[in-house]
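Residue numbering restarts at 1 for every chain, and letters A, B, ... go by the order of the sequence lines.
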Amino acid sequence: MKRLQVSSSKGLNLTSDKAKSALKDEATKSNTKKFSPFLSLESSIKDPKLQVFKNDRFVCIKDKYPKAKAHYLLIPHGDAFPKLIRVADLIKLNNCVDILNELKSLSDKIVEENFPCDVKSKAICGFHSIQSMQPLHMHIISKDFESDCLKNRKHWNSFNTKYFIRLDELIECLKKERDYFENDFFNLNNENVLKSYLDLPLKCNICNIVQKNMPSLKRHLLTHK
DNA sequence: GTTCTAGAAC
DNA sequence: GTTCTAGAAC
């Protein structure tokens, strides 16, 4: 047995770069298993300075790095839900449309009670199609995108391309599609497509004119005030 | 998710 | 020389 193992590892050493890269891939996989690729929102959720609403099913917090004048996160929370990380986790639940409708009515309340008057009518709600942080959270953000925390192309495109899955569109889609994953309307199963949205040109969300870089986009946005 | 910074772009 | 981006580290 021992001799067999020795000879097999010797075999690997002698083989091509392919084998080495396969080994490397295995190492990467096991690291991914050990360390969650998602950062945690838990400390923000518990932070009383950030929390604006809580009941037994949902919690709402101010985004720690707001990308607009108003920016909140609404999070399914508590024993009523299994562990939700990705949008796909939510879609797989039998009662997902009910949950999304709950998010919708709660978000109206959050906007009414927390958004400054000048942006109350300019709220958009939705999910990033690839999460960086867990648990699953829905963004409630004002369309002005006037914020020092909005710094780069990925920030902008994560809210202003198909990378951002609008709550209303998701609800409509799920009502129509008997099995969402047959058609995968939002490309949730195609990470490469989703990531490519983040590199798109910087198109103004009001007039669609493309700006060459972030500083010029930010200056341009102010002209729509 | 953010911060930092090398080097590309201007 | 300055501005801006993008990738590594966290």
Side-chain angles (χ1 to χ4, degrees), chain A residues 21 24-25 27-53 58-77 83-90 103 107 110 114 123-167 186-188 191-205 209-223:
Chain A
S21 106
K24 203 180 167 190
D25 285 349
T28 314
K29 264 187 208 165
S30 65
N31 278 340
T32 321
K33 269 179 198 165
K34 230 181 277 177
F35 306 107
S36 166
F38 302 101
L39 296 159
S40 178
L41 276 171
E42 284 304 332
S43 64
S44 296
I45 290 172
K46 286 175 192 152
D47 186 343
K49 289 195 290 293
L50 296 176
Q51 201 178 100
V52 295
F53 169 85
F58 300 93
V59 60
C60 181
I61 57 173
K62 284 183 182 177
D63 193 292
K64 205 172 171 183
Y65 298 92
K67 304 299 186 292
K69 278 185 184 171
H71 187 184
Y72 294 83
L73 305 178
L74 185 53
I75 304 160
H77 197 247
K83 191 177 171 80
L84 300 173
I85 297 178
R86 302 170 182 81
V87 179
D89 300 332
L90 180 63
L103 286 169
S107 65
I110 301 295
N114 297 278
I124 52 176
C125 297
F127 301 88
H128 283 153
S129 51
I130 299 175
Q131 270 69 41
S132 304
M133 309 201 71
Q134 58 94 5
L136 176 71
H137 49 282
M138 185 183 78
H139 294 269
I140 307 172
I141 187 167
S142 56
K143 282 179 193 165
D144 53 273
F145 292 98
E146 199 183 316
S147 164
D148 290 343
C149 296
L150 184 85
K151 292 177 177 175
N152 60 46
R153 183 180 301 268
K154 287 181 169 51
H155 287 158
W156 176 257
N157 282 336
S158 73
F159 290 103
N160 292 288
T161 65
K162 284 160 72 181
Y163 191 91
F164 191 68
I165 301 178
R166 299 277 189 124
L167 176 62
F186 296 106
N187 292 306
L188 292 177
E191 202 161 291
N192 287 336
V193 169
L194 296 175
K195 282 180 179 167
S196 72
Y197 296 143
L198 296 176
D199 297 323
L200 288 172
L202 299 166
K203 196 196 271 185
C204 172
N205 62 336
I209 291 176
V210 171
Q211 298 295 322
K212 66 172 180 179
N213 58 35
M214 278 308 284
S216 50
L217 174 66
K218 294 189 69 152
R219 282 192 297 273
H220 172 83
L221 290 175
L222 296 176
T223 68

Side chains of residues 41-51 of chain A: which donor-acceptor partners sit under 3.5 Å, not counting sequence neighbours?
from: A:D47; atom 1: OD1; to: A:K49; atom 2: N; distance (Å): 2.9
from: A:Q51; atom 1: NE2; to: A:I45; atom 2: O; distance (Å): 2.8

Donor-acceptor contacts, no H, no angles, side chain residues 67-76 of chain A, under 3.5 Å, sequence neighbours left out:
from: A:K67; atom 1: NZ; to: A:Y65; atom 2: O; distance (Å): 2.8
from: A:K69; atom 1: NZ; to: A:D118; atom 2: OD2; distance (Å): 2.9
from: A:H71; atom 1: ND1; to: A:K67; atom 2: N; distance (Å): 3.0
from: A:H71; atom 1: NE2; to: A:D63; atom 2: OD2; distance (Å): 3.4
from: A:H71; atom 1: NE2; to: A:H139; atom 2: ND1; distance (Å): 2.9

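Among residues two or more places apart in sequence or in another chain, the ring-ring contact (aromatic ring centres under 6.0 Å, His included) test is passed with A:Y197 by none. Here A:F127 pairs with nothing under the ring-ring contact (aromatic ring centres under 6.0 Å, His included) rule; sequence neighbours left out. By the ring-ring contact (aromatic ring centres under 6.0 Å, His included) test, A:F145 pairs with A:W156, A:F159, sequence neighbours left out.
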Item to check | Base-contact (B) and sugar-phosphate-only (S) positions in nucleotides 1-10 of chain C, heavy-atom cut-off under 4.0 Å, - elsewhere | outcome: ---SS-----
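As judged by a 4.0 angstrom heavy-atom cut-off over every strand, A:H155 is placed among residues touching the sugar-phosphate backbone only.
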